[in-house]
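Each chain gets a letter, A, B and so on, in the order the sequences are listed, and its residues count up from 1. This is a predicted model, so every value here is computed, not measured.
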Protein chains: 2
Amino acid sequence: MSPGPEHQPASAAPAPPRWLDAEEQKAWRAWLYSTTLLQDRLERDLTHSTGISNAYYEILVQLSEAPDRRMRMSQLADRCLASRSRLSHAVSRLEERGWVAREVCVEDGRGQLAVLTDVGMAALEEAAPVHVTSVREHLFDQLSPAQIAAMRDIGETLLRHLDPR
Amino acid sequence: MSPGPEHQPASAAPAPPRWLDAEEQKAWRAWLYSTTLLQDRLERDLTHSTGISNAYYEILVQLSEAPDRRMRMSQLADRCLASRSRLSHAVSRLEERGWVAREVCVEDGRGQLAVLTDVGMAALEEAAPVHVTSVREHLFDQLSPAQIAAMRDIGETLLRHLDPR
DNA sequence: CTCCGGTGGTTGAGCGTTGAACTGCTTGCG
DNA sequence: CGCAAGCAGTTCAACGCTCAACCACCGGAG
């Protein structure tokens with residue numbers, strides 16, 4: 001919150017924000033609408049043809065890539081960009097489906113491990129082609145190689161700010 | 001989410017999808033994580049300091065820009081990228097806060113108009129600086145002019161595919 | 001005028017998320 | 001050893017979203 005080079009009136013009213021100009025508005029709207037519509041579309045495609053939401057899918061993917069197909073709850077939450085509460089609920093529901101199981105953690109009595117079951121792995125393998133097809137159709141197939149490179153660059157730039165690991 | 005090569009099912013399925021290669025995976029992850037984190041961050045910033053979610057904010061903005069501060073429910077839903085059901089629920093809640101009112105539509109007895117009240121307008125005016133500051137800080141201030149232009153270009157390209165008006 | 005398919009909008013149930021409170025375990029410090 | 005502080009994870013209540021009925025009204029065909 002250090003003051004900028006220009007002197008602002010150090011007065012009662014807070015400094016007026018820098019509003020978006022017309023060009024910035026258009027960029028902002030394009031980003032907002034396109035990301036929202038794309039997320040919605042991917043979610044719909046996957047859920048309607050497999051019954052697996054993107055949130056569940058992400059959990060299954062992370063577990064499938066983990067050693068022994070198991071991971072600590074909080075690490076799993078971090079990788080899925082989910083809160084602990086949210087992950088705990090989601091794992092409970094996946095447990096009811098028989099796709100994930102819980103194990104107590106040996107090194108730390110407080111910890112729990114989420115384990116991907118064989119049934120869960122099978123469900124993931126059924127969903128994966130649907131997911132990748134959808135991502136290709138609605139994202140990669142729409143963009144030129146230069147646009148894809150720019151998308152990655154922008155994403156990584158924003159990540160350095162939002163998630164400085 | 002990231003269907004890695006390790007998930008390829010052994011050729012039993014009809015048409016094997018074109019899996020993402022390593023570069024595409026990175027672009028995909030960067031896009032997915034950055035959009036998710038940015039949306040979360042903007043939502044948090046706005047909700048925590050004003051008590052208005054992005055969904056509500058969007059409704060208020062659209063109404064404030066409409067002639068006479070009123071709009072048909074379905075048009076409002078379209079502009080907010082919301083389902084009719086979702087918008088109906090949201091307007092009900094905004095009505096309880098006294099920020100929006102419903103009016104019957106004269107030209108079409110089936111229709112309803114959502115109207116932004118003075119109290120709602122005041123709430124919007126209080127929230128707007130918070131919102132724009134957050135968007136600047138986490139998006140525009142992080143990107144170069146070239147990146148902003150690319151972001152807009154990508155967004156508009158995707159929109160032509162996802163929402164061919 | 002009446003019927004009828006289509007449209008605008010609402011409602012209710014079920015599911016998922018959020019944030020805060022809570023339990024149990026571990027770690028460090030005297 | 002004993003205790004406080006803090007971490008891992010769960011639970012609860014409130015809220016929001018989705019999907020599928022559902023009601024009311026419009027507009028055209030006979």
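With respect to the salt-bridge test (charged N to carboxylate O, under 4.0 angstrom), the residues A:R44 and A:D40 do not qualify. With respect to B:R69 and B:D118, a salt bridge is recorded, a charged nitrogen being found less than 4.0 Å from a carboxylate O. Between B:R152 and B:E156 there is a salt bridge, since at least one side-chain N of the basic residue sits less than 4.0 Å from a carboxylate O of the acidic one.
Contact of A:R110 with D:dC7 (side chain to base): a donor-acceptor pair of N or O atoms is detected under 3.5 Å.
B:M73 places its CE atom 16 Å from the C1' atom of D:dC23, with the value rounded to the nearest Å. One can place CD of A:E58 at 17 Å from P of C:dG16, the figure rounded to the nearest angstrom. In this structure, B:L76 places its CG atom 11 Å from P of C:dT10, rounding to the nearest Å. Remark: C1' of C:dT17 and CG of A:L87 are 12 Å apart, rounded to the nearest angstrom. Between A:Q75 atom CD and D:dC7 atom C1' the separation is 16 Å, expressed in whole Å. Whole-Å rounding puts the A:R72 CZ to C:dT26 P distance at 11 Å. For the pair A:E95 CD and D:dG9 C1', the interatomic distance rounds to 13 Å; values are reported in whole Å. Rounded to whole angstrom, the span from the CD atom of B:E107 across to the P atom of D:dA24 amounts to 22 Å.
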Which nucleotides of nucleotides 13-22 of chain D have their base under 4.0 Å from a protein heavy atom (B), which only their sugar-phosphate (S), and which neither (-), written as one string 5' to 3'?
-> ---SSBBB--
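Of all non-hydrogen atoms in B:I52 and B:A123, the two that sit nearest each other are CD1-O, 4.0 Å.
Of the candidates C:dG9, D:dT10, C:dT10, the closest approach to any side-chain atom of A:R102 belongs to D:dT10. Listed nucleotides: D:dG6, D:dC26, C:dT10. Nearest to the side chain of B:D108: D:dC26.
In this structure, B:Q112 does not reach the C:dG8 phosphate: none of its side-chain N or O atoms is under 4.0 Å from OP1 or OP2.
Without hydrogens or angle criteria, B:D68 side chain to B:R70 main chain gives no donor-acceptor distance under 3.5 Å.
Tested against A:C80, the residues A:I59, A:V61, A:L63 include a single side chain to side chain contact (heavy atoms under 4.5 Å, CB included) partner, A:I59.
The CG atom of B:L37 lies 9.0 Å from the CG atom of B:L32; values are rounded to the nearest 0.5 Å.
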